[in-house]
Each structure stands twice: as structure tokens, then as C-alpha cells.
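A short write-up of the structure that comes next.
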There are 2 protein chains.
Amino acid sequence: MNASEPADPGLLVLAQDFREALRHSIYLVRRLDADGELSAAQLSTLKMLMDSGPATGAGASSAAGVRVGEIARNLGVKVPSATEQIIKLERAGLARREPDPEDSRAVRVRLTQAGRTAVESANERRNAVMAGILASLPDADRAALAAALPVIGRINATLQA
Amino acid sequence: MNASEPADPGLLVLAQDFREALRHSIYLVRRLDADGELSAAQLSTLKMLMDSGPATGAGASSAAGVRVGEIARNLGVKVPSATEQIIKLERAGLARREPDPEDSRAVRVRLTQAGRTAVESANERRNAVMAGILASLPDADRAALAAALPVIGRINATLQA
DNA sequence: GCCTAACTGTTAGGCTACCTAACTATGAAC
DNA sequence: GTTCATAGTTAGGTAGCCTAACAGTTAGGC
């Protein structure tokens, strides 16, 4: 945990290689996001809204929507940045802001039906492109990747703490 | 290769999971880059210069430095964006622009000694932080990660084509 | 030789996404 | 019923990317 210690050389090499891989992956992500329709930041925001509460709110009778602060925390940005994204989404008709009935300071953000549709189609498109790339790999590569994804998830989870 | 085909469902799931992992990794990268000293873009540029030609140019008698277009291509950005970064690096005393003796249209960019020092220390710091995170993982996780890195490298290489 | 076409890099202008600081409005505590 | 904390917005600024327009250099065709 302590970064000031000398650290195992092998660990440093792995760290370097992993950083390198992530650095190069930026281009991949940029490529996937380059199809226009929705920016990476906006898709992330929409996706978060979708995961956190159904747009139709069938079973969510009490507190529908997500608070701005929570969105910011989930996206790893500051509150004003979240506000900015939300305003853009609202202008695009993809999300809606409503007062929180339980706390008048707060704002509840929800997907509109159009927002839900947009995030689904954008996701499908990106997944299809990525799947196309993965399809060209040998089975063993795909297996290795699949095995590593949970690990990367755990690494990312480290940051939440 | 053809993204318009229906595609294997398992492949789509893997694609989705991989995209998700990369999306979350953005926060990790942001965290690593947040230590100030050098922005991600600038470190990438410096690193590229370092890998492509020694600053001292001991053995590189003929064509020292890297051309702007080549830098742009390597970083996956357009030429004006590369120019912008280079100007900043030059102002910071980390890189130098020189005329290309063989082609007067071209510009050769080289690291200064200060630039070399800066990239090394920035890299070491980031590697140490990452190594600290990796140290908290079980051995099996590290092994899985190490096995997947070459795969991610191959995926990224796909884009060059 | 010279004129045109292709190429290299810079400049100008614009966009998105992030930030901090300052502000408004509401809630909670005493 | 002040006072302090909390939720979000607004204002202003920065970094990094883009396209379009430009200047200078090289290379061909004739």
C-alpha cells in the first residue's frame, strides 16, 4: 500500500505495463466514441441514470431519479461538472430534472424515454464494434481477457475507498 | 470483423464488460495523473519522444528528434494538436524544436535533459502508485492481469490498421 | 527552368469537459 | 430564530482536441 517503499521490481514492471496498456486504450475508447451521436461523458451519465433507476419508475414509487451529487460521485467528477452534463442532456430531451419531494434543496434527475432509447442504441453500437474486434482474436486471448476483467474491476474499486 | 452481423452473444457480453472496465479505468488514470507535475497528454508526448530518440543523441548522428507529423500519428491526434503540445513543452523547457537538415518543411522535436529527467520522475511516481495498488491483490489476480496485458496490446494494435 | 500539385507545419477559431470560487436556497440544531 | 451545514447553480478559467485556412518547401511534368 505504501508507495514510498522500494517495492518489488516485478510489481513495478507489471505496473508500468498496465499503465501502458491503459494509456493506449485511450485511443480505442476514442475510436468507439467517435461515432457522433453521444459523447463519452454523456453516455456515461445516461448509463449511470439507467442503472440507478428505471425511467418509467414502475416500481419506484417513492424516490425516483438520482440526485446531482450522487451522479457526480458516481462519475468521479465535481458537482458543477455533473450539473453541466445534466443541463445538456435535459436540453437534448434525454433527461429530466424534478424537485425532490423530500428535500427542496435537492434535485432528482431521471431518464426520459428518449434517453433510455438513446443509451441503449449507443451501447449496442459500441458493443458491436468492440465485439467485431474481439472476434478477430484467438480463443485463448479472449479467455485471458475475460479472466482479467474482474481483476481490473477490483483495481478500480480500490479507488472508491 | 464485420460489425453489422448479429454476432455471438457471448462475444457481446465480453465486449460490454471490457468496455465497462475501460470506462471505469478512466478514473484510475485520472487519479494517477492528478499529482500535478505533468498532464497525461504531456507525459505521453514526452514518453514518445524518449522512446523514439535519445535526448543526448550520442549515437544518433544523422536524424535526431521526431517529426511533428510522426508525433501526432503516434499519439493518435491531428497535427495541430501535436503542435500545441510541443509548444507547451518547449515553453516549459522540456523539449526543443529544430529545423530538419534534410527537409526544410519539417521540424525535428527533441527532449531536453530537463525533459528526460521530468518524464523519468513522473513515470516512476505513477508506477510506484500503481504498484502500491497491485501489491494489495492476490497473486492469482496479478497473474491474470499479466496474462491479459499482451491481449489488450493486440486489441489496441488493431486500430493502427 | 517553371508551374502545379503534394506535403509539413503553424495559426485562428471553436467545442467539450473538467475545475475552483462565489452565490442562492433550504434544512437542521440549539 | 440565528447560525451552520448541505444541494445545486452560475461565473469564469484551463486543457486538449478538432477543422479550416494559411505559408513555406519539395517534387513532377513538360
Side-chain angles (χ1 to χ4, degrees), chain A residues 23 26-48 63 65-92 94-110, chain B residues 23 26-48 63 65-92 94-110:
Chain A
R23 195 165 71 78
I26 288 175
Y27 312 139
L28 209 183
V29 172
R30 274 217 270 266
R31 163 78 61 98
L32 288 178
D33 290 337
D35 60 2
E37 46 169 345
L38 230 47
S39 76
Q42 300 213 335
L43 181 54
S44 284
T45 309
L46 288 176
K47 200 156 188 302
M48 212 236 88
V66 184
R67 291 164 63 136
V68 176
E70 199 180 341
I71 293 174
R73 227 174 310 114
N74 265 288
L75 296 179
V77 301
K78 301 297 179 185
V79 170
S81 304
T83 295
E84 190 180 340
Q85 289 304 326
I86 292 162
I87 288 174
K88 279 183 190 163
L89 292 176
E90 198 170 33
R91 271 206 268 268
L94 303 177
R96 210 167 43 221
R97 277 189 291 185
E98 302 170 354
D100 186 326
E102 293 167 13
D103 184 344
S104 312
R105 295 171 301 181
V107 169
R108 293 276 172 186
V109 182
R110 294 204 297 171
Chain B
R23 196 165 69 78
I26 288 176
Y27 312 139
L28 209 182
V29 172
R30 272 216 271 265
R31 163 79 62 96
L32 288 177
D33 290 336
D35 60 0
E37 47 170 344
L38 229 47
S39 76
Q42 300 211 336
L43 180 54
S44 285
T45 309
L46 288 176
K47 200 157 188 302
M48 211 236 89
V66 184
R67 291 165 63 136
V68 175
E70 198 179 343
I71 293 174
R73 227 174 310 114
N74 265 286
L75 296 179
V77 299
K78 302 296 181 185
V79 170
S81 303
T83 296
E84 190 179 340
Q85 288 304 328
I86 293 161
I87 288 174
K88 279 182 191 165
L89 292 176
E90 196 170 35
R91 270 207 270 267
L94 303 178
R96 212 168 40 222
R97 277 189 290 185
E98 301 171 353
D100 186 327
E102 292 167 12
D103 184 345
S104 313
R105 296 170 300 179
V107 168
R108 293 276 171 186
V109 183
R110 294 204 298 171

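In what follows, chains carry the letters A, B, and so on, assigned in the order in which the sequence lines appear, proteins first and then strands, with residues in each chain numbered from 1. The analysis underlying the following values was restricted to heavy atoms, covering all of them including side chains, and did not include hydrogens, waters or symmetry mates.
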message = At under 4.0 Å between heavy atoms, how does the protein contact nucleotides 7-17 of chain D? Give one character per nucleotide, 5' to 3', with B, S or -.
response = SSBB----SBB

request  = Output all residues satisfying side-chain hydrogen bond (donor to acceptor under 3.5 Å, both in side chains) with B:Ser81, sequence neighbours left out; order by chain, then residue number.
outcome  = none

query = Does any nucleotide pair with C:dA12 by Watson-Crick or G-U wobble geometry, both distances under 3.5 Å, and what is it?
reply = D:dT19

request  = Go through the structure and list residues passing salt bridge (Lys or Arg N to Asp or Glu O under 4.0 Å) with B:Glu90, not counting sequence neighbours.
outcome  = B:Arg97

ask   = If every non-hydrogen atom of A:Ile71 is compared with every non-hydrogen atom of A:Met48, which pair is closest and at what distance?
value = CA-SD, 3.8 Å

request  = Identify the heavy atoms of A:Gly69 and A:Val79 that sit nearest to each other, and give their distance.
outcome  = CA-CG2, 4.2 Å

request  = List in chain and number order the residues that pass side-chain contact (heavy atoms from CB on, under 4.5 Å) with B:Arg105, two or more places apart in sequence or in another chain; answer none if no residue qualifies.
outcome  = B:Asp103

query = What pairs with A:Arg30 under salt bridge (Lys or Arg N to Asp or Glu O under 4.0 Å), at least two apart in sequence or on another chain?
reply = none

task = Measure the shortest side-chain to side-chain distance between B:Leu38 and B:Leu94 over non-hydrogen atoms and say whether it is less than 4.5 angstrom.
result = yes

key: DNA chain C: 5'-most and 3'-most nucleotides touching chain B, 4.0 angstrom heavy-atom criterion   = C:dC7 to C:dC18

inquiry  = How close do B:Arg23 and A:Ser44 get, counting heavy atoms only, and between which atoms?
reply    = NH1-OG, 3.3 Å

